[in-house]
Student: 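My questions all concern the structure below.
What you see is a predicted model, and the numbers here were worked out from it, not measured in a lab.
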Amino acid sequence: MKLKYLLSCSIILLSIFNVGCKKFLEETPYSFVATDNFYKTATDAELALTGVYDVLNASTIQGEGGSSTWGRGMQFLTSMGCDELITDATKITSDNNFVTIANYTYTSENTILRSSWFFLYAGITRANFIIERVPAIAMNETRKKQILAEAHFLRGMYYAYLGWLFGGVPVVNSTNVNLNQERSTLKEVMSQVESDFKVAYQDLPNRNPKVGRVNKYTAAGFLVKLYVYLASCKENSVGEALNFPLNSFGWVDKDKFYAEALTICQDIYTQSGYSLIPSFNHLFLSATEETARNEQMMLVQAGAGGNNEYIYYFNLAGPTGNYLTVGGTAGWMRPMREAYTRFNVNDSRRNLSFSGNIAAAATSQVINGRKYFTPTTVSASLSNICLNKWREDDPVDRAARGIPANSGETDYGILRYADVLLMYAECKYKAGDEPGARALLKEVRTRGNTPANLNTITTAYFKANFMDELIDERSRELLGEGWRRFDLIRFGKLKDVVAALNTSITFPTVNVTAVKDNFKDYKIWYPIPRRELDTNKELIPNPGYTN
């Protein structure tokens with residue numbers, strides 16, 4: 001990152017600049033506070049921690065970026081370039097950087113990559129100050145321990161995403177910064193992630209008393225994420241042909257990591273108290289977010305207050321339509337044909353995951369006192385297909401609550417219990433328990449499906465190779481939630497999936513051929529941003545990228 005700009009600021013708290021988000025960002029924001037005068041009280045510690053969470057959906061940090069993490073940018077970085085979502089280039093007239101992410105024409109100059117890198121390191125910096133300074137504060141020791149554990153978790157999570165997106169990156173765990181630090185190896189990055197997650201798993205309570213904050217089982221779920229990612233990358237020789245030692249998985253003990261993941265999954269399954277909520281679509285609506293928290297294990301909260309950090313719904317994946325009147329989106333992100341056809345017609349999740357547009361004269365339904373406009377159905381040609389998971393209620397009502405019409409307050413789930421069940425199935429299979437693994441797939445599919453439909457889709461989805469069936473099931477259950485691209489990479493399938501994409505037109509302005517033509521083996525990693533390479537001459541680029 002641009003270390004001079006971020007890590008060596010004489011006036012710091014990035015972590016307390018204009019913070020304050022609905023529900024978990026309730027502390028009074030300060031403007032700029034010199035570090036010598038800060039980290040003196042329990043209030044300072046709480047405010048600093050709020051700033052670490054703030055990175056999850058901040059609109060800008062020090063004037064940099066445009067909702068570059070889970071406010072907008074991360075959905076592009078994690079769901080594009082495979083068989084899940086694609087951009088409609090004619091709709092994105094303001095910023096071609098989003099189009100190039102989708103069709104593999106991005107370069108190291110891409111502003112989304114640059115800003116996402118910057119945001120993630122901002123979070124790491126803020127966490128580092130807490131981990132260094134908060135231990136000296138005289139305050140309640142139990143709360144102090146929890147604050148430190150939350151900071152460790154968030155630092156680990158930000159490093160995990162840097163590693164998943166870019167490979168080896170500089171591990172900077174001190175506020176005394178070396179401005180010319182080399183990239184650490186992927187082993188060093190992921191070892192740091194593991195260490196931070198373990199602290200959080202050990203020291204956090206089963207539930208955090210502050211709504212929207214992480215807990216013991218959030219950390220447990222992300223530890224499982226880490227272990228199955230590393231184990232499967234090693235098993236499938238990910239990146240080996242690139243001969244780039246910095247991003248090598250050669251050091252990974254896959255059997256050990258799968259075994260450790262299995263143990264943690266068992267703890268989550270039997271002790272966490274999380275469960276599958278009855279209504280699948282209620283996971284993705286602001287009107288039902290309290291119920292959704294029974295399944296959502298890691299949330300990015302959004303809403304009014306402070307610097308108004310919303311999810312930038314208008315540019316994300318949702319039904320197209322007039323955002324001022326019916327709460328539609330601009331149509332920047334549309335589903336791929338393959339994402340739709342992986343669902344059997346009898347699977348209740350299909351019609352809850354996909355729809356057509358929201359027409360001007362759309363009818364509406366009221367859910368928990370909020371009015372949602374009803375989209376059209378998907379046409380036989382798929383020409384109007386949209387993702388229908390995240391929906392925002394009536395924009396007039398949202399405006400009355402102080403929410404901009406192009407934004408949303410629906411909490412964005414990063415990790416949920418259904419994902420853990422699918423990873424548990426993966427670990428059981430790797431341990432030799434295929435019947436147990438298949439039982440977990442059935443458990444996930446049971447929600448919303450009648451016994452007859454469950455039997456039908458179980459037969460339709462069956463594959464003799466359990467891992468092939470599991471990968472497909474993950475794509476159905478977690479559609480658009482930020483895991484498909486990572487899954488295809490870790491299972492060594494991204495190249496084959498892209499090569500097999502159907503180029504028949506689903507809607508006129510989507511260019512699937514460009515995705516196929518521009519993919520290269522080395523693009524399992526994004527390029528190190530050019531600004532970082534220019535600022536720190538000790539950084540080296542990822543293989544294959546020349547600009």
Student: Identify which one of K428, K234, K430, E426 satisfies the side-chain hydrogen bond (donor to acceptor under 3.5 Å, both in side chains) criterion when paired with Y258.
Tutor: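 By the side-chain hydrogen bond (donor to acceptor under 3.5 Å, both in side chains) criterion, Y258 pairs with just one of K428, K234, K430, E426: E426.
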Student: Determine, for E84 against K389, whether the closest basic-nitrogen to carboxylate-oxygen distance falls under 4.0 angstrom.
Tutor: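 The answer is no: the pair does not qualify as a salt bridge.
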Student: With sequence neighbours left out, what residues match N465 under side chain to side chain contact (heavy atoms under 4.5 Å, CB included)?
Tutor: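 Once residues adjacent in sequence are excluded, the partners of N465 under the side chain to side chain contact (heavy atoms under 4.5 Å, CB included) criterion are M467, D468.
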Student: Charged N to carboxylate O under 4.0 angstrom, E289 versus R293?
Tutor: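 Yes, charged N to carboxylate O under 4.0 Å.
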Student: CG of L285 to CH2 of W390: how many Å apart, nearest 0.5 Å?
Tutor: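 The CH2 atom of W390 is 11.5 Å from CG of L285, to the nearest 0.5 Å.
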Student: Would the number of heavy atoms belonging to other residues, nucleotides or ligands and lying under 6.0 Å from NZ of K523 be above 12?
Tutor: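 Yes, because the 6.0 Å sphere around NZ of K523 holds more than 12 heavy atoms from other groups.
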Student: Would you say that more than 12 heavy atoms from the other residues, nucleotides or ligands in this model lie under 6.0 Å from the CD of E443, or not?
Tutor: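 For E443, atom CD is crowded (more than 12 foreign heavy atoms under 6.0 Å).
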Student: Salt bridge (charged side-chain N to carboxylate O under 4.0 Å, His left out) between E46 and K210: does it pass, once the steps are laid out?
Tutor: CA-CA 11 Å; E46 297 286 359; K210 293 196 173 187; 3.2 Å; yes
Student: Side-chain contact test, heavy atoms from C-beta onward, threshold under 4.5 Å: evaluate it for Y526 versus N110 and give yes or no.
Tutor: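 No - every pair of side-chain heavy atoms lies 4.5 Å or more apart.
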Student: What's the shortest heavy-atom distance between V189 and S184, and which atoms?
Tutor: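 Between these two residues, the closest heavy atoms are CG2-CB, 4.2 Å.
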Student: What distance do N57 atom CG and M74 atom CE have between them, rounded to the nearest 0.5 Å?
Tutor: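 That separation rounds to 12.0 Å.
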Student: Heavy atoms, side chains only, cut-off 4.5 Å: are Q271 and Y217 in contact?
Tutor: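 Contact flag for Q271/Y217 side chains = yes.
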Student: Is it the case that R183 places NZ or CZ above or below the six-membered ring of F244, under 6.0 angstrom from the centre and within 45 degrees of the axis?
Tutor: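 Geometry flag: not set, cation outside 6.0 Å or 45°.
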Student: Step by step, would you call S232 with R490 a side-chain hydrogen bond (donor to acceptor under 3.5 Å, both in side chains)?
Tutor: CA-CA 6 Å; S232 54; R490 72 185 181 96; 3.0 Å; yes
Student: How far does NZ of K225 sit from CD1 of I264, to the nearest 0.5 angstrom?
Tutor: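 Nearest 0.5 Å value for the NZ-CD1 distance: 13.5 Å.
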Student: If you measure from the Lys or Arg side-chain nitrogens to the Asp or Glu carboxylate oxygens, is any gap between E473 and K463 under 4.0 Å?
Tutor: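 No, no charged N to carboxylate O under 4.0 Å.
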Student: Got a donor-acceptor contact below 3.5 angstrom from the D496 side chain to the K493 backbone?
Tutor: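 The answer is no, because no donor-acceptor pair under 3.5 Å joins these two groups.
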Student: Looking at the rings of Y545 and W525, which for Trp means the six-membered one, are their centres under 6.0 Å apart?
Tutor: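 Not close enough - the centres of the two rings lie 6.0 Å or further apart.
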Student: Decide yes or no for R114 and F118: does some side-chain heavy atom of the first lie under 4.5 Å from some side-chain heavy atom of the second?
Tutor: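 Side-chain contact under 4.5 Å: no.
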Student: What's the spacing between Q296 CD and D419 CG if we round to 0.5 Å?
Tutor: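 Rounded to the nearest 0.5 Å, the CD-CG separation comes out at 10.5 Å.
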Student: With a 4.5 Å heavy-atom cut-off, do Y429 and R438 have their side chains touching?
Tutor: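 A side-chain contact under 4.5 Å is absent here.
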Student: Is it true that E194 and K198 have a side-chain N and a carboxylate O under 4.0 angstrom from each other?
Tutor: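 Yes.
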Student: Please work out whether the ring planes of F354 and Y340 are parallel, tilted or perpendicular, with thresholds of 30° and 60°.
Tutor: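 Judged by the thresholds at 30° and 60°, the geometry between F354 and Y340 is perpendicular.
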Student: From Q301 CD over to T410 OG1, what is the distance, rounded to the nearest 0.5 angstrom?
Tutor: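 Reported value, rounded in 0.5 Å steps: 12.0 Å.
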Student: Would you mind reporting whether V420 and M423 have side-chain heavy atoms less than 4.5 Å apart?
Tutor: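 Yes, side chains in contact.
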Student: With no hydrogens and no angle check, is any side-chain donor or acceptor of E538 less than 3.5 Å from a backbone partner on N180?
Tutor: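 Judged by distance alone, no pair lies under 3.5 Å.
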Student: Under a 4.5 Å cut-off applied to non-hydrogen side-chain atoms, are L165 and F486 in contact?
Tutor: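 Yes, their side chains come closer than 4.5 Å.
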Student: Hydrogens and angles aside, do N176 and S174 bring a side-chain donor and acceptor to less than 3.5 Å of each other?
Tutor: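 On atom types as modelled, these side chains do not qualify, holding no pair under 3.5 Å.
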Student: Does R349 qualify as a cation-pi partner of F343, given the criterion of NZ or CZ under 6.0 Å from the six-membered ring centre and within 45 degrees of its axis?
Tutor: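 No, R349 and F343 do not form such a contact.
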Student: Could you check R350 against T341 for side-chain hydrogen bond (donor to acceptor under 3.5 Å, both in side chains), going step by step and ending with a plain yes or no?
Tutor: CA-CA 9 Å; R350 190 180 78 160; T341 56; over 6 Å; no
Student: Give me the one residue out of W70, F166, W117 that meets ring-ring contact (aromatic ring centres under 6.0 Å, His included) with Y161.
Tutor: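 Exactly one option meets the ring-ring contact (aromatic ring centres under 6.0 Å, His included) with Y161, and it is W70.
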Student: Is it true that a side-chain atom of T535 and a backbone atom of E532 form a donor plus acceptor pair closer than 3.5 Å?
Tutor: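 Not confirmed, T535 side chain does not pair with E532 backbone.
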Student: Which is it for D347 and Y461 under the side-chain hydrogen bond (donor to acceptor under 3.5 Å, both in side chains) test, yes or no, and what are the steps along the way?
Tutor: CA-CA 10 Å; D347 191 334; Y461 293 156; 2.8 Å; yes
Student: Once rounded to the nearest 0.5 Å, what's the spacing between atom OG1 of T125 and atom CG of L120?
Tutor: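 Rounded to the nearest 0.5 Å, the OG1-CG separation comes out at 10.5 Å.
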Student: Classify the ring geometry of Y269 against Y417: parallel below 30°, tilted from 30° to 60°, perpendicular beyond 60°.
Tutor: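 Correct class here is parallel.
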Student: In this structure, which one of Q146, E150, K216 forms a side-chain hydrogen bond (donor to acceptor under 3.5 Å, both in side chains) with N208?
Tutor: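 Going through the options one by one, the only one that passes is E150.
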Student: Once you measure the plane-to-plane angle for Y159 and Y121, does it fall in the parallel (<30°), tilted (30-60°) or perpendicular (>60°) bin?
Tutor: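 Correct class here is perpendicular.
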Student: Check whether more than 12 heavy atoms from other residues, nucleotides or ligands sit under 6.0 Å from atom CD of E290, and answer yes or no.
Tutor: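 No, because the 6.0 Å sphere around CD of E290 holds 12 heavy atoms or fewer from other groups.
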Student: Can you tell whether the side chains of D83 and R337 come within less than 4.0 Å, N to carboxylate O?
Tutor: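 Answer for the salt bridge query: no.
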Student: Which heavy atom in L299 sits nearest to a heavy atom in L56, and how many Å separate them?
Tutor: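 Here L299 and L56 meet closest at O-CD1, 4.5 Å.
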Student: Walk me through whether F249 and Y229 qualify under ring-ring contact (aromatic ring centres under 6.0 Å, His included).
Tutor: CA-CA 10 Å; F249 293 95; Y229 170 82; 5.8 Å; yes
Student: Side chain of T69, backbone of V55: donor and acceptor closer than 3.5 Å?
Tutor: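 At least one qualifying donor-acceptor pair exists.
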Student: Is the backbone N or O of F284 less than 3.5 Å from a side-chain atom of T288, with the two atoms forming a donor-acceptor pair by type?
Tutor: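 No, the answer is negative, given that no donor and acceptor are paired below the 3.5 Å cut-off.
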Student: With distance as the sole test, does S195 use its side chain to make a donor-acceptor pair with the main-chain N or O of S191 at under 3.5 Å?
Tutor: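 Here the side-chain-to-backbone pair does not exist.
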Student: Test side-chain hydrogen bond (donor to acceptor under 3.5 Å, both in side chains) on D196 and Q192 and set out the steps.
Tutor: CA-CA 6 Å; D196 280 331; Q192 181 60 56; 3.2 Å; yes
Student: Quick one: does any side-chain atom of R126 pair with a main-chain N or O of G51 as donor and acceptor, under 3.5 Å?
Tutor: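 The answer is yes, because a donor-acceptor pair under 3.5 Å joins these two groups.
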Student: So do M336 and V512 actually touch side chain to side chain, heavy atoms under 4.5 Å?
Tutor: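 Yes, their side chains come closer than 4.5 Å.
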Student: Between D411 and V300, is there a side-chain heavy-atom distance shorter than 4.5 Å?
Tutor: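 With C-beta onward as the side chain, the pair stays apart.
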Student: Is a side-chain donor or acceptor of E64 paired with a backbone partner of F119 at a separation under 3.5 angstrom?
Tutor: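 Not a single qualifying donor-acceptor pair exists.
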